[in-house]
Amino acid sequence: MLILHDYLPSGNGYKVRLLLHQLGIPFRLVEHDVVAGATRRPEFLALSPVGKIPVLQLQDGTVLSESGAILCYLAVDSVIWPAERLERAQTLQWLFFEQYSHEPHIAVARFLRMAPDDPRQADLPRLLDRGHAALAIMEQHLTGRRYFVGERYGLADIALYAYTHVAPEGGFDLEPYPWIRAWLELVRSEPGHVPIDWRPN
Ligand SMILES: N[C@@H](CCC(=O)N[C@@H](CS)C(=O)NCC(=O)O)C(=O)O
């Protein structure tokens with residue numbers, strides 16, 4: 001059985017949990033307390049030198065890190081992976097956007113609210129600014145569309161949903177983004193959708 005090393009409040013981990021559940025793939029969840037520094041301990045670093053969750057451990061012991069890479073590993077050959085070459089590249093485009101222009105600002109702003117002693121508190125105004133810039137790009141793309149790629153629910157929606165739906169916890173008001181709010185509702189209504197704090201039995 002697959003093992004997912006994860007931390008329940010993590011949006012990066014949630015992307016993988018959500019996809020595993022929606023694809024009906026059974027897995028065992030092993031939780032690590034990121035805030036307490038568990039991923040920096042020697043036992044975890046021996047598993048994955050990157051020192052971050054999520055980590056997917058395959059049946060043969062191989063480990064895979066980086067949420068976007070794990071999503072692709074699980075999705076390729078499944079119904080959720082686009083058949084068309086352009087749509088595959090557009091999916092990757094949004095996964096890279098999420099990692100470079102969205103998550104580093106929106107997820108970190110949310111994390112700083114959970115960790116008031118973190119020395120990066122002074123970065124908050126810049127993170128809010130950059131996070132809103134990412135939300136504005138998403139709003140513009142979603143205007144007149146239902147989903148990010150090919151008018152079908154896919155990996156780009158999963159990856160961007162993970163931290164966008166909890167962006168208010170980082171201080172982002174989603175009121176000015178009606179298309180994003182409609183898309184969040186649509187993603188929530190997908191079959192097999194589970195909330196961020198869901199864990200397998
Ligand atoms: N680019 C990575 C980011 C992973 C990441 O930042 N994980 C955080 C939790 S959301 C973590 O494990 N942080 C622990 C640390 O940096 O010590 C991904 O998408 O998987």
Side-chain angles (χ1 to χ4, degrees), residues 2-23 25 27-58 62-76 80-81 91-121 123-124 126-128 130-131 134-135 138 148 154-172 187 194-199:
L2 294 175
I3 300 173
L4 180 65
H5 296 269
D6 201 352
Y7 175 59
L8 229 46
S10 163
N12 287 316
Y14 173 47
K15 296 168 197 170
V16 180
R17 269 175 269 137
L18 178 57
L19 180 63
L20 282 164
H21 186 63
Q22 289 185 314
L23 292 178
I25 301 173
F27 67 103
R28 184 158 73 82
L29 186 73
V30 177
E31 294 180 58
H32 302 267
D33 187 344
V34 165
V35 176
T39 57
R40 299 290 160 168
R41 294 197 188 116
E43 315 83 87
F44 190 91
L45 293 172
L47 174 80
S48 174
V50 177
K52 290 177 191 291
I53 57 87
V55 171
L56 185 70
Q57 198 169 353
L58 310 184
T62 305
V63 294
L64 200 54
S65 63
E66 293 298 329
S67 58
I70 300 171
L71 292 183
C72 291
Y73 172 79
L74 294 169
V76 169
I80 206 164
W81 187 243
T91 298
L92 294 176
Q93 173 193 312
W94 287 109
L95 294 191
F96 292 136
F97 167 84
E98 192 269 344
Q99 286 285 288
Y100 191 76
S101 304
H102 182 284
E103 190 260 16
H105 312 120
I106 295 180
V108 176
R110 173 173 174 256
F111 180 79
L112 288 178
R113 288 251 174 135
M114 293 177 191
D117 296 333
D118 192 293
R120 293 171 296 173
Q121 288 296 336
D123 285 352
L124 208 49
R126 185 186 61 86
L127 296 172
L128 287 170
R130 300 259 172 99
L135 292 170
M138 291 168 65
F148 271 87
L155 291 192
D157 302 295
I158 291 177
L160 284 162
Y161 178 83
Y163 282 111
T164 305
H165 87 291
V166 289
E169 294 174 17
F172 295 92
V187 171
V194 285
I196 190 164
D197 57 358
W198 173 84
R199 53 158 76 81

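What you see is a predicted model; the values in this text were computed from it and never measured. One-based numbering, in listed order, for ligands and for the atoms of each.
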- State whether the shortest distance between N or O atoms of K52 and N or O atoms of ligand 1 falls below 3.5 angstrom. yes
- Task: Could you tell me whether R40 atom CZ has more than 12 heavy atoms of other residues or ligands within 6.0 Å of it?
- Result: yes
- So which protein heavy atom does atom 13 (N) of ligand 1 come closest to, and at what separation? V34 CG1, 3.7 Å
- N12 side chain to I53 backbone, donor-acceptor under 3.5 Å: no
- Note on the structure: Closest to atom 9 (C) of ligand 1 by heavy-atom distance, out of I53, L71, V108, is I53
- Nearest non-hydrogen protein atom to atom 10 (S) of ligand 1, with distance, is S10 OG, 3.2 Å
- Query: Does any N/O atom on S67 come nearer than 3.5 Å to any N/O atom on ligand 1?
  - Reply: yes
- Run the contact test for G51 against ligand 1 with a 4.0 Å cut-off on heavy atoms, strictly below, and give the result. yes
- Query: Among protein heavy atoms, which sits nearest to atom 15 (C) of ligand 1, and what does the distance come to when rounded to 0.1 Å?
  - Reply: R40 NH2, 3.2 Å
- Task: Quick one: list whatever passes salt bridge (charged side-chain N to carboxylate O under 4.0 Å, His left out) with R199, sequence neighbours left out.
- Result: E31
- d(Y73 OH, L19 CG) to nearest 0.5 Å is 12.5 Å
- Query: Is there a nitrogen or oxygen of E66 sitting under 3.5 Å from a nitrogen or oxygen of ligand 1?
  - Reply: yes
- Item | Atoms in ligand 1 flagged as close to P54, the criterion being non-hydrogen separation under 4.0 Å | 20 (O)
- Task: Just jot down the ligand 1 atoms closer than 4.0 angstrom to any heavy atom of Q99, in number order.
- Result: 1 (N), 2 (C), 18 (C), 19 (O)
- Message: If the contact criterion is a heavy-atom separation under 4.0 Å, does Y163 count as touching ligand 1?
- Response: yes
- Task: Could you see which bit of Y100 sits under 4.0 Å from ligand 1, with heavy atoms only: side chain, backbone, both or neither?
- Result: neither
- Task: Keeping the roles fixed (side chain from D33, backbone from V35), state whether a donor-acceptor pair exists under 3.5 Å.
- Result: yes
- Message: Please list the nearest protein heavy atom to atom 3 (C) of ligand 1 with its residue and the distance rounded to 0.1 Å.
- Response: N12 ND2, 3.6 Å
- Looking only at atom types and distance, does a side-chain atom of Y163 sit under 3.5 Å from a main-chain N or O of E103, one as donor and one as acceptor? no
- Message: side-chain hydrogen bond (donor to acceptor under 3.5 Å, both in side chains), that's the test. Do T164 and H102 meet it? Break it down for me.
- Response: CA-CA 9 Å; T164 305; H102 182 284; 2.9 Å; yes
- T39 heavy atoms, cut-off 4.0 Å: which ligand 1 atoms fall inside? 14 (C), 15 (C), 17 (O)
- Message: Using only atom types and a distance under 3.5 Å, with no angle test, would you say the side chain of Q121 pairs donor to acceptor with the backbone of A115?
- Response: yes
- Counting only N and O atoms by type, is there a donor-acceptor contact under 3.5 Å from the side chain of R17 to the main-chain atoms of L8? yes
